[in-house]
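We use all heavy atoms of the structure for the numbers below, so side chains are in, but hydrogens, waters and symmetry mates are not. To find a chain, count down the sequence lines: A is the first, B the second, and so on, and within it residues start at 1.
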Amino acid sequence: MEKFKVLTSGMVPLTIENVDTDQIIPARFLKATDRNGFGENLFKDWRYNNDNTPKKDFVLNNPTYSGAILVAGNNFGCGSSREHAAWSLADYGFRVVISSFFADIFKGNALNNGILPIQVSPEVLKKLFHAIEEDNAVKANVNLETQKLLVEKAGIEVDFELNPYKKMCLINGYDDIDYLLSQKDAIKSFEQNR
Amino acid sequence: MKKTLFDKVWDSHVVSSVDNGPDILYIDKHLIHEVTSPQAFNVLEDKNISLFRPSQVVATADHNVPTENQHLPIQDALSRKQVTQLTTNCDRHGVTLYGLGHPYQGIVHVIGPELGITQPGMTMVCGDSHTSTHGAFGTIAFGIGTSQVAQVFASQCLLVAKPKSMRVVVDGTLHPDVQPKDVILYVIAKLGTDAGTGYFVEFAGSVFEEMSMEGRMTVCNMSIEMGARGGMIAPDQTTFNYVSGREFAPKGAELESKIAHWKTLPTDEGATFDLEHSFPAEDIRPMITYGTNPGMGIKITDNIPESNDASFIKSLNYMGLKAGSKLLDMPISHVFIGSCTNSRIEDFRAAAAYVAGKQKSAAVSALIVPGSQQVAKQIVSEGLDQIFEKAGFILRQPGCSACLAMNDDKIPAGAYCVSTSNRNFEGRQGQGARTLLASPVTAAAAAVAGKIVDVSQN
Ligand code: SF4
């Protein structure tokens, strides 16, 4: 897993609420047997017309927005457990998703793929959308070590929460699987004693 | 200390806890399917590790299998590749596979309970959010991502923080025409799609106590649609009767001792939950959704609510519906009765009881897709196939089908489909398709009338 410490980047605003994983990556693109190339189909049906021409009014097709931070409406990532949603966001180039609320499974999947989900209050989310509207290229600074989100130009400075274990994994690029493999003896003795 | 059902099952599966971090939770049963497992098998191969406990993994092919001519090779090249890959992976790692052509094949959440693989007090996971279905047995069952599928392959464990607990109580007497699906659609409409996030839900009260196992599965299936990681219902005599005698259920003295243990699982009197909700059963009527998330549901006789919220307006635009208007009497063109929510024998019995002696509207295409080969067999042995066919419904072979439209069973763009599945997201049943979630009886009635009708009045 790719390490994450600090990121300074522009933000892409997706004001829609309850963005479900079927929108992030529609089911018809789940037929792959590897993890590559999902970015192409990220938000496919919002991003492209049926003839594959880009839909002008969708934010990813607006060149005035760019960056590795997606700012999304409340309850982002609800619905299916498909990790393909996290793979497509990562493959497209997002490293951070900011929202006022994340669905559980999505949050876990994001963290397992080096994407940092940052939960902010509804007020801060509003401020962020406003700041991006004022200046499409406004930059945010995300520091995982100090757990701070900073948009200097808009006077936004907030602390965000993350489980210390998950923080350690992300900073060091560790996977859960390595940790679990190191616990094999404990797991075997648990099996014997139940 | 007084404990909840959830606490009892969780605590007995904790191997250890990471300081300031998640628990290492032991997983009894791991179900897999073709869509979310290939990349997890790749992880094993990349890391050159073996599958730790293959006997605790069960596989089936369901998400993108065709529902016609299952004896022939799958026509869609990508689907065929995924299903073939599953077979190769299961062979290589010693996993039991109920693939196409096997008498036990079916939707993963239908076959687990049906085969007696699902038992009270277990922990179960699957790379599929509707794993919550198995909670109907008093099981901690939840959906996981593919990285976690790999973790369970490697260690039979997961690193997970213990969720908070919520109890949803529905007490009282249900209206005779209200189905389990209506109960859960009602609860989600009341609480919203994110109310359960961070929680594991216990459904309690007389309504669930009196419900059949299949009804309980419908309810727990949709707990994920209120954002909850899973739902549970305390095991009782109904549960024990259902489990007893099934293929992989314990037998004889072992069963007796298991039942004695299962009886200790229900929530202790006086145990506390982080959050409680309760609803009177009498308030529930047949339900339907009008929007693009499962929380956007109303009593079928109600008007669509009004709101200035941008996401709400976007949703109604997609659905081609007007705020303040009625759904009742609105023409529809498609009906889908199937999916892990409503594809068990009781669902088809209920639909067939309504359809018997009637004719499907000529304007509607109505698809019946059983959840498993065993359910399909039962449909025939009870003669329900005759009823459906005479009425003009199309009976297909088992799979997820139009629930997520990964195979050819797609609803056309712009068409309205009354569906017994669990998600009405944009494009879920096909690009541009408009899904109205409802119970099997409401769906059957819509097929007959060619429009939305209230079954509690007909
Ligand atoms: S029937 Fe639908 S919801 Fe259930 S497992 Fe299949 S695709 Fe998922």
Side-chain angles (χ1 to χ4, degrees), chain A residues 1 15-23 26-28 30-35 44-46 50 73-75 78-87 101-113 163-166 168-169 175-181 183-184 186-187 189-191 194, chain B residues 12 15-16 18-22 24 26 35-36 38-39 42-43 47 49 52 63-64 76 78-79 81-82 85 127-129 131 142-148 150-151 154-161 163 193-194 197-198 227 229 292-293 309-311 314 404-406 423 425-428 431:
Chain A
M1 199 171 73
T15 51
I16 305 161
E17 295 184 359
N18 298 315
V19 173
D20 60 74
T21 49
D22 276 76
Q23 307 319 316
R28 60 185 190 281
L30 306 187
K31 294 183 182 180
T33 49
D34 56 35
R35 292 182 184 223
K44 183 74 177 197
D45 294 339
W46 285 348
N50 275 342
N74 192 54
N75 197 25
C78 57
S80 137
S81 62
R82 62 187 68 159
E83 195 161 314
H84 311 68
W87 299 337
F101 205 80
F102 291 97
D104 280 336
I105 305 182
F106 172 79
K107 198 174 182 174
N109 286 341
L111 287 165
N112 281 332
N113 287 279
N163 176 292
Y165 167 80
K166 275 292 164 196
M168 183 276 291
C169 288
D175 285 332
D176 284 350
I177 197 166
D178 299 322
Y179 183 80
L180 286 167
L181 286 168
Q183 300 298 308
K184 272 275 175 71
I187 296 168
S189 81
F190 174 86
E191 283 178 327
R194 60 199 305 242
Chain B
S12 66
V15 174
S16 67
V18 182
D19 284 342
N20 266 325
I24 299 182
Y26 190 82
V35 177
T36 54
Q39 293 89 348
N42 293 349
V43 171
K47 291 191 179 273
I49 42 181
F52 185 49
H63 277 65
N64 62 36
D76 179 278
L78 290 174
S79 298
K81 182 169 173 226
Q82 239 180 14
Q85 182 90 50
D128 187 284
S129 56
T131 309
F142 55 92
I144 55 177
T146 296
S147 295
Q148 293 174 304
Q151 291 161 26
S155 67
Q156 204 57 37
C157 286
L158 274 178
L159 279 164
V160 265
T193 45
D194 58 5
T197 305
R229 207 58 205 273
T292 54
N293 74 57
D309 178 81
S311 300
K314 179 179 187 295
L404 92 166
M406 270 188 88
R423 285 191 175 140
F425 297 156
E426 285 184 32
R428 173 80 179 184
Q431 268 181 286

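For a residue to count as touching a neighbouring chain, one of its non-hydrogen atoms must lie under 4.5 Å from one of that chain's; by this rule I49(B) touches chain A with the side chain only. For L404(B), the parts lying near chain A are the backbone and the side chain together; criterion is any non-hydrogen pair under 4.5 Å. Heavy atoms closer than 4.5 Å to chain A are found in both the backbone and the side chain of R428(B). Residue contact with chain A, scored on non-hydrogen atoms closer than 4.5 Å, involves the backbone and the side chain of A150(B) alike. Proximity to chain A is absent for every atom of T131(B), based on heavy atoms less than 4.5 angstrom apart. Heavy atoms closer than 4.5 Å to chain A are found in both the backbone and the side chain of A154(B). For a residue to count as touching a neighbouring chain, one of its non-hydrogen atoms must lie under 4.5 Å from one of that chain's; by this rule F52(B) touches chain A with the side chain only. Proximity to chain A is absent for every atom of V160(B), based on heavy atoms less than 4.5 angstrom apart. Looking at N20(B), both its backbone and its side chain come within 4.5 Å of chain A, counting heavy atoms on both sides. Proximity to chain A (any heavy atom under 4.5 Å) is restricted, for N64(B), to the side chain, taken from C-beta onward. The contact between Q85(B) and chain A is made entirely by side chain atoms (from C-beta outward), counting heavy-atom distances below 4.5 Å. For S155(B), the parts lying near chain A are the backbone and the side chain together; criterion is any non-hydrogen pair under 4.5 Å. At a 4.5 Å heavy-atom cutoff, the contact between D104(A) and chain B is made by backbone and side-chain atoms alike. Contact of F102(A) with chain B is made through the backbone alone, with heavy-atom distances under 4.5 Å.
Your options are N18(A), D175(A), D178(A), L30(A), and the one with the most heavy-atom pairs under 4.5 Å with chain B is L30(A). Ranked by heavy-atom pairs under 4.5 Å with chain A, the first of A310(B), P22(B), S12(B) is P22(B). For the options G73(A), G79(A), A27(A), heavy-atom pairs under 4.5 Å to chain B are most numerous at G79(A). Ranked by heavy-atom pairs under 4.5 Å with chain B, the list C78(A), S81(A), A86(A), P164(A) is led by S81(A). Between chain A and the options A405(B), G198(B), G427(B), the largest number of non-hydrogen pairs under 4.5 Å is found for G198(B). Contact count against chain A (heavy-atom pairs under 4.5 Å) is highest for S79(B) among P163(B), S79(B), A161(B). Between chain B and the residues N163(A), T15(A), L181(A), D176(A), the largest count of heavy-atom pairs under 4.5 Å involves D176(A). Chain B forms the most heavy-atom pairs under 4.5 Å with one residue out of A32(A), P26(A), G108(A), and that residue is A32(A). Of the listed residues (A85(A), A103(A), A186(A), S80(A)), the greatest number of heavy-atom pairs within a distance under 4.5 Å of chain B belongs to S80(A).
In this structure, a donor-acceptor pair under 3.5 Å is absent between the side chains of R194(A) and S189(A). No hydrogens or angles considered: a donor-acceptor pair under 3.5 Å links the side chains of D194(B) and N74(A). In summary, the side chains of K166(A) and N112(A) do present a donor paired with an acceptor at a separation below 3.5 Å, with no hydrogens or angles considered. Counted by atom type alone, E83(A) and N113(A) present one or more donor-acceptor pairs between their side chains at under 3.5 Å. A donor atom on one side chain and an acceptor atom on the other are not found under 3.5 Å apart for D45(A) and Q23(A).
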Check against salt bridge (charged side-chain N to carboxylate O under 4.0 Å, His left out), R423(B) and D20(A) = CA-CA 10 Å; R423(B) 285 191 175 140; D20(A) 60 74; over 6 Å; no
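Of the possible donor and acceptor atoms, one in the side chain of Q39(B) sits under 3.5 Å from a partner among the backbone N and O of D34(A). For T146(B) (side chain) and T36(B) (main-chain N/O), a donor-acceptor pair under 3.5 Å exists by modelled atom type.
Open room surrounds NZ on K81(B); 12 or fewer heavy atoms of other groups in view lie less than 6.0 Å from it. The 12-atom threshold is not exceeded at CG of N50(A), counting heavy atoms of other residues, nucleotides or ligands nearer than 6.0 Å.
A 4.5 Å side-chain heavy-atom check between Y165(A) and D19(B) finds every atom pair outside the cut-off. Proximity of M406(B) to K31(A): side-chain heavy atoms (C-beta onward) are separated by under 4.5 Å at one or more points.
The nearest pair of heavy atoms linking I177(A) to V43(B) is CD1-CG1, 3.8 Å.
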